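In what follows, a single structure is set out as structure tokens and then discussed.
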There are 2 protein chains.
Amino acid sequence: MSQVSKQMIKNLSIDCVVFGFENNKLELLLIKRKSNPSKDSWALPGGFVLKTETLDEAAVRILEENSNVKNIYLEQVHTFSRIDRFPLRRVISVAYFALIDPENHFLKPGVDTTDVKWFQVNEKIEFPFDHAEIFQRALKRLRQRVRTKPIGFELLPEKFSLTQLQNLYECILDENMDKRNFRKRILSYNMLIPLDEYQEGVAHRAARLYKFDSKEYQNFIDKGFNFQL
Amino acid sequence: MSQVSKQMIKNLSIDCVVFGFENNKLELLLIKRKSNPSKDSWALPGGFVLKTETLDEAAVRILEENSNVKNIYLEQVHTFSRIDRFPLRRVISVAYFALIDPENHFLKPGVDTTDVKWFQVNEKIEFPFDHAEIFQRALKRLRQRVRTKPIGFELLPEKFSLTQLQNLYECILDENMDKRNFRKRILSYNMLIPLDEYQEGVAHRAARLYKFDSKEYQNFIDKGFNFQL
DNA sequence: TCAAAAGTGTTTGCAATACACCCATGC
DNA sequence: GCATGGGTGTATTGCAAACACTTTTGA
């Protein structure tokens, strides 16, 4: 521990806003803090940057240490610097955001964590510190992202129905979309590969499943597009 | 100086990417460094954050101290953290960007600065440290900004012609636009107030001058729009 | 009268929207 | 056979794009 703290940059931390999608709801990954300040409250996974790593590297490490979530892409959002944002001393925090499929990640509390859990984004969450602000900022980024880059690959299971994808968009943007127009648009990108597989065990006509064409998907990540409603 | 350095957060700095528009060219404000490292090279105005200020406050202070440019709006862009980005020790730097009208700001070198000057963005600039990367990131942000929010108020004189405004857009995006379509589009926002004033002393038909309707301008800043070509 | 930039409208095509009914499945 | 969600096509509208000539002014 003394060795670890020697390497830490004590005034610089990372907070991770990790979004998931499950049961047709947008979710957020939170950890329960083992120690003070704000012991026992549910907070964004976070920690201090080490002298030997970049911020991107720190974000990946910290998320894994807190929650066991690994091998994901984290993107820097904003750096928060309110003077009293952390009660013990001046700490500036760099926020990262990520999208993952909850099904694919086994959660395990880390060293300074007593629990890790998914929360629905639309339930009221009492955040400690300035985490409410950080979360809002990340959500805003997500909403902007969904309009300009394809999304879903990271949030959905490998095989999914168009309705699932539409639900994801509707959850993120918090608005309803026309089914026919949505399908027309999303299929026109040629980013989805229709499979010869269908939903099973549902009490209605089974939906066709699709997967992403990762080449085309990547292509649109690079080029961007303009997805309206 | 010892008092000042006591207050400094020595591992956290700000770098400012300040854009201007003059003679139909997009410009960048650089300072000439008085001391090592990279003494005498032209660099982004920067400095260290104080313990008593937020990042936004630091950016404003640092830009003024470096260049005398004041009373402007600076927006956070990204935080840079390459481990060897600063040669003397580990320093993380938060980049800010701003848009100003060069005519409205009298430049004056600051304490650690021997000179301040506008450079054209399309000339090759040899940046020290990771300033090339920071600059590129800010330019990208500017290009994205120009598509989604009105721009120009901060970069142009109070009264300007539509051609000037179009030139600004063309410089930022580095592409040519159709004059009629540009005018149609920009006027349709009802963001410009036509004046009963015209260019003077030009060897051709004098262009009508306009100014921004600051209420509508602000409205579009808040709502955003989608400006294509 | 010439050069140089200002100013102005119309047509065309594509893409966004709105909209309603039949289909397959499990119970 | 009914409830549940899956799946499909067309007509309309509005916006983006392409495009060329006349006007004004100073030199």
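First the proteins, then the strands, lettered A, B, ... as listed; each starts at 1. As the structure is a computational prediction, the values presented were derived from the model and not from experiment.
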Separation of D/dC19 C1' from B/N181 CG (nearest whole Å): 9 Å
Just how far, in rounded Å, is P of C/dA24 from CG of A/L209? 17 Å
Please identify each residue that fulfils salt bridge (charged side-chain N to carboxylate O under 4.0 Å, His left out) with A/R208, with sequence neighbours left out. A/D196
A/A203 has a side chain; which of C/dG9, C/dG26, D/dA27 sits nearest to it? C/dG26
Rounded to whole Å, CZ of B/F182 lies from P of D/dA17 at a distance of 13 Å
Closest to the B/K184 side chain, choosing from C/dA6, C/dT10, D/dG7: C/dT10
Show the atom names and distances, to 0.1 Å, of all donor-acceptor pairs under 3.5 Å that link a side chain in residues 97-114 of chain A to residues at least two apart or in another chain.
unit_1, atom_1, unit_2, atom_2, d
A/D101, OD1, A/E103, N, 3.1
A/D112, OD1, A/S35, OG, 3.2
A/D112, OD2, A/S35, OG, 2.9

Scan A/R208 against the nucleic acid and name what it touches under 4.0 Å (heavy atoms): base, sugar-phosphate only, or nothing. sugar-phosphate
Carefully, step by step, assess A/V121 and A/F135 under the rule side-chain contact (heavy atoms from CB on, under 4.5 Å). CA-CA 10 Å; A/V121 158; A/F135 165 67; 3.9 Å; yes
Rounded to whole Å, how long is the line connecting atom CD of B/E197 with atom P of C/dA6? 17 Å
Can you check nucleotides 20-23 of chain C for protein contacts, nitrogen or oxygen pairs under 3.5 Å, and list what you find?
unit_1, atom_1, unit_2, atom_2, d
C/dA20, N1, A/R180, NH1, 3.2

Keeping to residues at least two apart or across chains, list the side chain to side chain donor-acceptor pair (under 3.5 Å) pairs with something in residues 124-136 of chain B. B/D15-B/H131, B/R85-B/D130
Of the candidates D/dG7, C/dA4, C/dA24, the side chain of B/H204 sits closest to C/dA4
Rounded to the Å, how far apart are B/L187 CG and D/dA16 P? 14 Å
Could you check whether atom CG of B/N226 has more than 12 heavy atoms from other residues, nucleotides or ligands sitting under 6.0 Å from it? yes
End-to-end bend of the helix from C/dT1-D/dA27 to C/dC27-D/dG1 (five-pair axes, 10° rounding)? 0°
Who passes side chain to side chain donor-acceptor pair (under 3.5 Å) against B/N24, sequence neighbours left out? B/N167
Heavy atoms only, 4.0 Å cut-off, all strands: where does B/T163 land among base, sugar-phosphate and nothing? sugar-phosphate
Which residue pairs pass the salt bridge (charged side-chain N to carboxylate O under 4.0 Å, His left out) test when at least one of the two sits in residues 210-223 of chain A, sequence neighbours left out? none
Measure from CD on A/E200 to C1' on D/dG6 and round the result to the nearest Å. 16 Å
note: A/R185, atom CZ; C/dA18, atom P; distance rounded to Å ~ 12 Å
Take atom OH of A/Y198 and atom C1' of D/dG5, then tell me their distance rounded to the nearest Å. 16 Å
Which residues pass the side chain to side chain donor-acceptor pair (under 3.5 Å) test with B/Q199, sequence neighbours left out? none
Ring pair (Phe, Tyr, Trp, His ring centres under 6.0 Å) partners of B/Y198, counting only residues at least two apart: none
